[in-house]
Amino acid sequence: MSTDLAIETNSSNSEKKKDGFIVETVKKLVQNKLAVIGLVIIFIQVVLAISAPFIVSYGPYEQDPTATYLGVGSEGHFLGTDNYGRDMWSRIVYGSRISLIVGVSTVAIGLLGGITLGLLAGYFKKLDAIIMRIVDLLFAFPGILLAMLIIAMLGTSLVNVVIAISIWSIPGCARIVRGSVLSVKKQEYVMALRSVGAGNTRILLKHILPNCTAPIIVFATTRMATAILSTASLSYLGLGAQPPTPEWGAMIAAGQNFMWDAPHMAVIPGVAIMLTVFAFNVVGDGLRDALDPNMNV
Amino acid sequence: MISFIIRRMGQLVLLLLGISFIVFMSMHIAPGDPATIIGGPTAKESDLEAIREDLGLNKPVFVQYVDYLKGILQGDFGYSYQNSQPVGEAIATRLPNTIKLAVSSMIVAIIIGLIAGMISAMKQNSWLDVTSTTFALVGVSIPNFWLGAMLILVFAVNLQWLPVSGLSEPFYTMDGMKQLVLPSITLGTASAAIIARMSRSSMLEVVKSDYIRTAKAKGVKHKTVIWVHALRNALIPVITVVGINFGALLGGTIITEQVFAINGIGRLMIDAIAARDFPMVQATVLLVASIFVIINLIVDIIYVKVDPRISYE
């Protein structure tokens, strides 16, 4: 009986240790008021995006010639309508779908490329010089310019924007992962693994990569903000989503022509972009503080 | 120091070559035959062949690249597919507007950012600090094209204090300055926010250091400690941030020019991308990236100059 009890306490202890890191990070994160606000905004947005067809009364493309330019607070259209009589609320909700899908997919592709290159560059000295010179070269294109070059090459469309922003995310991620790998690979446990005959792939994926998780999570979160902002910018410039797609940036571009009569057409999508980008930025900041305040991301 | 600069110049040349290669190749592998773009869909095969011959498109890619580089060195960037205007000429007439916009925005960003950051650090946790840090957080999240549209809505459409668009007047005239106000705020806000954040944290770090305590203990006036002793060291990381941001700002001019209908390099680039005018895209992208890496080099040199602790070996 007593041994049973001892085993039980032991196992519960080890369990505590196991999720201690995550629990502690979450605890620190929820102490940060701004990060909590950010999490709430993201949560609401995800719910809206998933349940879009159930919470709107009109389709995002549904035109009503008898109800154009309705202002905010109009009956049946609480965010008003645009120049074609399309419901603004519906377009905003469907726009959040586009933003989230584009954000998640660009970050996922960017991480895949960046982590692979970063691991290779950090671990294999011979590859380091070549990979990092390419990364440096990609960093020579300021801001959104690299994405624009890729779009110039592929043509203008939302899918090409996803490809462009994904590629643009790779160098930043590669640099961060490489930095973590360099500091981790010198540690004794890696040497110990090698001495017991563990292969490179095993060491990289099972032992080094998990130790780089913290900076990768922070990078991914702040990158979501950049990806959403950039998608909107490119669509605003006419290089991304094309009308009538309910993309926020494209909606602002269309709304700017009606600034005199219907300013809400440009104001509302902008607020949506701002809230989303703000949310991912503050959650990213919060995560950085919670995981490691000295982290350099 | 001299050898450091020479070495960095060497790296710069390699980097510029790399950039030109990427830009050239990405336009080369882009779908769409330049001859058809120039000749139009109705052009005969013999005409297309003549165009290819004329532009050297029949030569091997690498020869074309070397020819392109040779041309650039002589100031020849090729001809626009859209209107057969020399690309160099189009850029020369547009560049002043972009420079005007970038520089004035950077000035706005540095002034607002530094003042906000310093005040924040000096009055930590006061309402001024809270306001300024909130501004810094919101500033990086606002899409700058939307901020521009909102500023136009308030100051140009409703209040009618400032012009809606354009940058045609010389900047030293009253009208020219008025035209610059809204675009510079639009473009400078994000950078101002980042500079404010950086200078706040950097200042807070510096005032905690031993030499500041020593200075205070010696009886140096509070103002002198802050503005003479602390500021110099606090500015070091800020310089890097300003440098890095100048790049983002150059990227941002492309968008801001579109919002305010300013005829600069950015609008030239966007029109060229939409029209698949490859020589124009090539030249404008190459130009912006080159300016960016040259500015980075200058920032690195200033950095070493300001902080003697950084070795340039």
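Values reported hereafter were calculated over all heavy atoms of this structure, with side chains retained and with hydrogens, waters and symmetry mates removed. Below, chain A is the first sequence line, B the second, and so on; all start at residue 1.
Chain A is approached within less than 4.5 Å, heavy atom to heavy atom, by B:R276, B:F278, B:V281 from residues 275-284 of chain B, ordered by number. Proximity to chain B among residues 264-282 of chain A is limited to A:A266, A:V267, A:G270, A:V271, A:I273, A:M274, A:V277, A:F278, A:N281, A:V282, judged by heavy-atom separations below 4.5 angstrom.
Using a 4.5 Å cut-off between heavy atoms, A:L237 contacts chain B through both its backbone and its side chain. Contact of A:I228 with chain B is not made at all, since no heavy-atom distance falls under 4.5 Å. For A:L137, the parts sitting under 4.5 Å from any heavy atom of chain B are the backbone and the side chain alike. The parts of A:L149 that come within reach of chain B are both its backbone and its side chain, each placing non-hydrogen atoms under 4.5 angstrom from that chain.
Taking 4.5 Å as the limit, some side-chain heavy atom of B:Q124 sits within range of a side-chain heavy atom of B:R200. For the pair B:F246/B:V242, no side-chain contact is recorded, criterion being any heavy-atom separation below 4.5 Å from C-beta on. Between A:R86 and A:T81 the shortest side-chain heavy-atom distance does not fall below 4.5 Å. In this structure the side chain of A:L158 reaches within 4.5 angstrom of the side chain of A:T231, judged on heavy atoms. Annotation: side chain of B:F260 is in contact with side chain of B:T186 (closest heavy-atom distance under 4.5 Å). With contacts defined as side-chain heavy-atom distances shorter than 4.5 Å, the pair A:T68/A:Y84 does not qualify. For the pair A:R178 and A:D128, the minimum side-chain heavy-atom distance is below 4.5 Å.
Heavy-atom pairs under 4.5 Å with chain A were tallied for B:L14, B:L153, B:N296; the largest tally goes to B:L153. When each of A:P263, A:S233, A:G249 is checked for heavy-atom pairs under 4.5 Å with chain B, A:S233 comes out on top. Highest contact tally toward chain A, considering only B:I255, B:I291, B:V293, is held by B:I255 [criterion: heavy-atom pairs under 4.5 Å]. The greatest number of non-hydrogen atom pairs below 4.5 Å with chain B, out of A:L239, A:T226, A:D285, A:D136, is found for A:D285. Most heavy-atom pairs under 4.5 Å with chain A: of the set B:A272, B:A30, B:G251, B:S290, this distinction falls to B:A30.
Between B:D300 and B:R8 a salt bridge is recorded (basic side-chain N to carboxylate O distance below 4.0 Å).
Annotation: B:Y65 is in aromatic contact with B:F21 [ring centroid separation under 6.0 Å].
Residue pairs meeting the ring-ring contact (aromatic ring centres under 6.0 Å, His included) criterion with at least one member in residues 223-259 of chain A, sequence neighbours excluded, are A:Y69-A:F258, A:Y236-B:F145.
Because its NZ or CZ atom is not both nearer than 6.0 Å to the ring centre of B:F135 and within 45° of the ring axis, B:R197 does not count as a cation-pi partner of that residue.
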Check: residues 31-44 of chain A side-chain donor-acceptor pairs under 3.5 Å, at least two apart:
{"residue": "A:N32", "atom": "OD1", "partner": "A:L34", "partner atom": "N", "Å": "3.2"}
{"residue": "A:N32", "atom": "OD1", "partner": "A:A35", "partner atom": "N", "Å": "3.3"}

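In this structure, A:V161 and A:I151 approach most closely via the heavy-atom pair CG2-CD1, 3.9 Å.
If you check the side chains of B:T98 and B:E257, you find a donor sitting under 3.5 Å from an acceptor.
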